[in-house]
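Below you'll find the structure, written out as C-alpha cells, and then a few comments.
Chain letters run A, B, ... following the sequence lines, proteins first and then strands; every chain starts at 1.
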Protein chains: 2
Amino acid sequence: MEGNRRSARHSPGNVTIQDVAARAGVSTATVSRTLANPEVVSATTRERVLRAVEATGYTPNVAARNLRARRSMMILVIVPNVASPFIAEVLRGIDDELVLSGYDMIIGNLDNLVEREARYVKLVQSGQVDGVMITSGRIPGDGDRSMADLGVPMAAVCAAVPGLTAPHVTVDDRQASIDVATHFLEFGHRRFGYISGPAGNVNEIDRYDGFKEGLRQGGVGAKDLTYWPGHFNLRAGVDAAEDFLTLEAPPTAIYAACDEAAISFMKTVISAGRRVPEDVSVVGFDGIDVARFVRPTLTTVHQPRYELGRTGAQALLKAIAGLEVEEPVVRLAAPLIQGASSGPAPV
Amino acid sequence: MEGNRRSARHSPGNVTIQDVAARAGVSTATVSRTLANPEVVSATTRERVLRAVEATGYTPNVAARNLRARRSMMILVIVPNVASPFIAEVLRGIDDELVLSGYDMIIGNLDNLVEREARYVKLVQSGQVDGVMITSGRIPGDGDRSMADLGVPMAAVCAAVPGLTAPHVTVDDRQASIDVATHFLEFGHRRFGYISGPAGNVNEIDRYDGFKEGLRQGGVGAKDLTYWPGHFNLRAGVDAAEDFLTLEAPPTAIYAACDEAAISFMKTVISAGRRVPEDVSVVGFDGIDVARFVRPTLTTVHQPRYELGRTGAQALLKAIAGLEVEEPVVRLAAPLIQGASSGPAPV
DNA sequence: TAACATTATGTAATCGATTACATTTACACA
DNA sequence: TGTGTAAATGTAATCGATTACATAATGTTA
C-alpha cells in the first residue's frame, strides 16, 4: 500500500476515470470512448456516462493521457529575454495561434545568457514538449548536444538561425538596413554612426552588414562610420551617446540596431543640447509601440511582430503534424516608418 | 500490438529505463535507484548502470515520472497581457526564482479577456500544474467553477486579489496614489485629471481611490477632478489628451494609472503646443524602463517589478511545499520617483 | 428460426518510471 | 559451521487514460 488515494493532493487528482466508470456502471473503456468518440457508444450509455462525469466533476488527467499518447501538447518558446518589448508582442502572436490547436506555451527565458540553454535542452530531451519555437537566433545547446539533434520539431522566428533546417519566419534585416542607409543618403548625410546589438547575434550581423553595404553603395567607406558596441537594450544608447558627445566632428546620422537604444540615444544627446533631427538624425529597428510616443517620433524599421509570432507558430504546428512546410523560409515585409527623428543633414 | 516503439516519435521517447536495465543487466528498479539514491546501490552496480545510461543517452520520461509522483513541476502564471512592459519584468523575477527549484513556467495570457480564463481553469483542473501565480488581480473562473475551488496552491502578485486566501505580494497602490496627490498639492495644483485603468481592476480601484483620498485631504473635491476612462495602454493617454485639449480650464496636474498612458498623454499634448511641466504636470505609475528616456523624464510611482515576481514566486513555492507562509501579505515599497514631468502649478 | 453481420461493451495490455515488499546475498559472530 | 543481521537487488503493483482484441448483445436475412 502506498497511501490513500483520496488524501494529500489537491482535488484535480481525486476523481479518476475509474470513479466515473463505477458510478455509471460501465467499464473505463466505455467512459473513455464516450468522451473521445461519442458516436460509438449507445445513446443510453452515453447519457449515463455523461451524467456521471457531470456529477463527479471529472477531468482527464493529462499526465496519464500524455504518457499514453506520447505527446504533451506543450510548446517550448525560447526567448532571449522575456522583458523585451519586442519579444512580448511576438509571444502574443505565437500564443494566439497555439491556442487554436490546443497547445500551451512554456517560456524558456535565456536572459541573454548562453548557459541557460542547457536547461531547455534537458526539458526537450525528457520529452516534455512537442515542439520548439526559437526566437533567439541560435540553436540551444549544452556543450555536447544541440537541440537540433534531438529530433523535436522546431521553427524559428525573428531571426534566421544558422545551421537550422527548419521553417523560418523573419524579416529581411539586411535589406531593411540597406534601406536605412539609403534613407540617410537621400537626406545628404555623409558621416554615420551605428549602435550595435550583441556581438555575434545573427540579427545584429545582418543589420550591420546591410547598413555598411547600403553606405558602400552610396560611396561611403569605413572611416565615415562610427561603430558603438552594445546590446538590444536602453543602456546601449546611453553609452553610445556619451561617446558621441565627445566627438569633434560627430556623425549626423545614427542607426541603432534596436528602438530602445535609439530612444535612449536621442534622450541623452537632446539633454546635452543637441537637436534631433536638425543636428543628428536617428533611426531605430523593431517598431515597438512606444517609438511613436517619444519626441521626436522615432523613424524605425517596423517588424510585424505579432504576425511573425503567428506565422511562425503556424509553421511549427505543421511541422509537428508531419506536414511538409511548403515555404520553409518566409520573409515578411519590414517597412521603414518615417518619423520625425530623421531629416536632412545639417548644412 | 500497437505499432513499433522505435518508429514514429522523435528520439527522446526512444530510450527507456528498460533499455538501460537490459544493457546493464539489472532490473529497472536498480536503475531508478542508481539515479535517485546512488548510495543504496553497490559501487560496482552503480558503475555499470551509469555506463549504460551514458552509452544509451537515457533521460527519464517526465510524463511517466509525473504520473507516478502526481506532480508536474510546472507553474501556471496568469498574466493580463504578455505584451505589457510592466508584466515582462515581473515574469523575469518569477522565472529566476522558479528555476532554482526546478520548476518551469507556463504562461496563461488573458489578453485582457475574461473569457480566456476558462482555458486555464481547465488546465489546472486536469492536474497539469503544481501551482498558480496570479498577476491579473482576479481569480480566474469559467462561469461555475473558480480556480480557487480547485485546491491548487496559489499566490498573487502585483494586485491584491479579492476573495483569495493565498499569499499576496503587492505594493500599496492606494498609499502611493495618496502620495501622488500630495506631490501635486505641494506644487500648488488645484485642478486635476486622472487617466484610469480598466474599470473594475483592483489596482485601478485602489489607485483612483487613493488619489481621490489624497486630494480630499488637501481640500479638493470631485468637481476639480476630471476622470478619463481607459486601460493600461498607450491608447488611454491619447484619448485623454484629446479630450484634455478641448477643455476651457484644463487640469494642471494629471495622474495616469500606468506609465504608457502618461507617456502618450505627454506626447500628444506637447505636440499640440502645451508644455510639460510648465502648463501641465504628469505623473505615471509602474516605473517602466523607458519612462526614464522620454522627454521630459516621467515622474512615476516605481514598482519593484522584478522583486514582486521573485518574492511572489518564493511564497508560491512555500505554499506548494505545504509550509506555512509566515507573511501572507507582503507589501513592497513603491516610491514616487521625481522626474521632470511634474512641477509647480502655472501661475 | 438458424446463421451471420453489426453494434456495443468489457478485458487487459500499454505508455515509462517509481517504490513497497519480497527475496537473495554477504558478512559478522558465536 | 550455523544463525542472525544488514546490505543489495529483484518482482510486481501503481499512477490514470487509451485502445487492440475478445466477447456479448442486437439486428438482419434467407
Side-chain angles (χ1 to χ4, degrees), chain A residues 1-22 24-49 52-53 56 58-73 125-128, chain B residues 1-9 11-22 24-49 53 56 58-73 125-128:
Chain A
M1 205 79 47
E2 283 185 48
N4 180 347
R5 166 157 117 241
R6 302 221 158 262
S7 68
R9 304 294 305 153
H10 62 267
S11 24
N14 276 357
V15 43
T16 75
I17 200 170
Q18 314 266 1
D19 302 330
V20 176
V26 297
S27 71
T28 62
T30 299
V31 175
S32 180
R33 278 188 288 250
T34 305
L35 268 20
N37 305 74
E39 69 280 5
V40 306
V41 285
S42 74
T44 51
T45 313
R46 193 189 315 145
E47 193 54 29
R48 209 137 42 89
V49 170
V53 169
T56 54
Y58 168 72
T59 314
N61 177 303
V62 176
R65 172 181 293 173
N66 289 346
L67 175 57
R68 187 85 222 295
R70 289 149 167 271
R71 55 161 175 59
S72 65
M73 299 306 283
Q125 222 208 355
S126 61
Q128 281 194 90
Chain B
M1 208 77 48
E2 284 185 49
N4 181 346
R5 164 156 121 241
R6 301 219 159 263
S7 67
R9 303 296 304 153
S11 25
N14 275 358
V15 42
T16 77
I17 199 170
Q18 315 266 1
D19 301 330
V20 177
V26 298
S27 71
T28 62
T30 298
V31 175
S32 180
R33 278 189 288 251
T34 306
L35 268 20
N37 305 75
E39 69 281 5
V40 307
V41 277
S42 74
T44 50
T45 315
R46 193 188 316 145
E47 193 55 29
R48 210 139 40 90
V49 170
V53 168
T56 55
Y58 168 71
T59 314
N61 177 302
V62 175
R65 172 182 291 172
N66 290 346
L67 175 59
R68 187 80 224 286
R70 292 149 165 267
R71 55 162 175 58
S72 64
M73 298 306 285
Q125 223 208 355
S126 61
Q128 280 195 89

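- The nearest whole Å value for the distance from the CG atom in B/N61 to the P atom in C/dT18 is 10 Å.
- Comparing the local axis fitted to the first five base pairs of the helix from C/dT1-D/dA30 to C/dA30-D/dT1 with the one fitted to its last five gives a bend of 60°, rounded to 10°.
- In this structure, A/S32 reaches the bases: a heavy-atom distance under 4.0 Å links it to at least one base atom across the strands shown.
- In this structure, CD of B/Q125 is placed 15 Å from C1' of D/dG16, rounded to the nearest angstrom.
- For DNA chain C, none of the residues of residues 35-45 of chain B falls under the heavy-atom distance limit of 4.0 Å.
- A/V26 comes within 4.0 angstrom of the backbone, heavy atoms only, and of no base.
- Along DNA chain D, the nucleotide closest to B/T28 and the one closest to A/L67 are compared, and the more 5′ of them pairs with B/T28.
- Per the geometry, CD belonging to A/E47 stands 15 Å off P belonging to C/dA8, to the nearest Å.
- Atoms OH (A/Y58) and P (D/dG16) sit 10 Å apart, rounded to a whole Å.
- Checking A/G25 against A/A64, the closest nucleotide of DNA chain C that is more toward the 5' end is the one next to A/G25.
- Side-chain nitrogen and oxygen atoms of B/R65 include none within less than 4.0 Å of the OP1 or OP2 phosphate oxygen of D/dC15.
- Atoms CZ (A/R70) and C1' (D/dT19) sit 14 Å apart, rounded to a whole Å.
- Between the side chain of B/S126 and the backbone N or O of A/T59, no donor-acceptor pair lies under 3.5 Å.
- When all heavy atoms of B/A64 and A/L67 are compared, the closest pair comes out as CB-CD1, 3.8 Å.
- As judged by a 4.0 angstrom heavy-atom cut-off over every strand, B/S27 is placed among the base-contacting residues.
- Look at CZ on A/R68: it is 6 Å from C1' on C/dC15, rounded to the nearest Å.
- Rounding to the nearest 0.5 angstrom, the gap separating the CG atom in B/N61 from the CZ atom in B/R68 is 14.5 Å.
- Residue A/T30 places at least one side-chain N or O under 4.0 Å from the OP1 or OP2 atom of C/dG10.
- The two atoms that bring B/V15 and B/Y58 nearest to each other are O-CD1, 3.5 Å, heavy atoms only.
- If you check every strand for non-hydrogen atoms under 4.0 Å, B/V31 touches nothing.
- Across the protein-nucleic acid pair, A/N66 atom CG and D/dA17 atom P stand 12 Å apart, rounded to whole Å.
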Which atom pairs, one a donor and one an acceptor, fall under 3.5 Å between side chains of residues 24-39 of chain B and the rest of the protein, sequence neighbours left out?
{"unit_1": "B/S27", "atom_1": "OG", "unit_2": "B/A29", "atom_2": "N", "d": "3.4"}
{"unit_1": "B/S27", "atom_1": "OG", "unit_2": "B/T30", "atom_2": "N", "d": "3.3"}
{"unit_1": "B/S27", "atom_1": "OG", "unit_2": "B/T30", "atom_2": "OG1", "d": "3.3"}
{"unit_1": "B/T34", "atom_1": "OG1", "unit_2": "B/T30", "atom_2": "O", "d": "2.6"}

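- The separation between A/R71 atom CZ and C/dG16 atom P is 14 Å, rounded to whole Å.
- With D/dG16, D/dG10, D/dA20 as the candidates, the nucleotide lying closest to the side chain of A/R33 is D/dA20.
- The shortest distance between the side-chain N/O atoms of A/R46 and the OP1/OP2 oxygens of C/dA8 is not below 4.0 Å.
- Proximity note for A/I17 (side chain, C-beta onward) versus C/dG10, C/dT18, D/dA17: the nearest is D/dA17.
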